[in-house]
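Report on the following structure.
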Amino acid sequence: SGNLSENQSGICTYTFSLNGTVRVSKTTTISNSNRCAIDIPIGDFPKSAIYSYNLSFISNDTLTVANQGAFDVEVF
């Protein structure tokens with residue numbers, strides 16, 4: 001999950017990469033909210049590993065774009 005500095009409406013995209021290849025990608029929409037959050041079932045991941053996780057947001061009017069820097073997440 002991640003928080004925006006103010007309420008927005010748009011699409012949040014969550015990507016998990018392994019060795020530079022995106023293995024899991026999910027999107028959610030938010031409306032008048034500052035929080036991107038999603039639950040991703042462990043079964044969606046192809047294997048246990050350390051994935052590089054990135055969260056991005058783009059508003060409906062495309063005037064606001066935000067990216068959370070990638071960091072490692074261990075999936076068991």
side-chain contact (heavy atoms from CB on, under 4.5 Å) partner of F57, chosen from N67, N34, T64, I11: T64
N19 atom CG, over 12 foreign heavy atoms within 6.0 Å: no
Just wondering, are more than 12 heavy atoms of other shown residues or ligands nearer than 6.0 Å to CG in D61? yes
Side chains of [X] and [Y] in contact at under 4.5 Å (non-hydrogen atoms):
{"X": "S25", "Y": "T13", "value": "yes"}
{"X": "D72", "Y": "S52", "value": "yes"}
{"X": "S17", "Y": "R23", "value": "no"}

For [X] and [Y], work out which heavy atoms get closest and say how close.
{"X": "A70", "Y": "N54", "answer": "N-ND2, 4.0 Å"}
{"X": "Q68", "Y": "G2", "answer": "OE1-CA, 4.1 Å"}
{"X": "L4", "Y": "S33", "answer": "CD1-O, 4.3 Å"}

How long is the straight-line distance from CD1 of I58 back to CD of Q8, given to the nearest 0.5 Å? 11.0 Å
Output for pair (C12 SG, R35 CZ), nearest 0.5 Å, gives 10.5 Å
Which ILVMFWY residues can you reach from I42 by hopping between side chains whose heavy atoms are under 4.5 Å apart? Y14, F16, L18, V24, I38, I40, F45, Y51, Y53, L55, F71, V73, V75
Residues at least two apart in sequence or cross-chain that pass side chain to side chain contact (heavy atoms under 4.5 Å, CB included) with N60, listed by chain then number, are S9
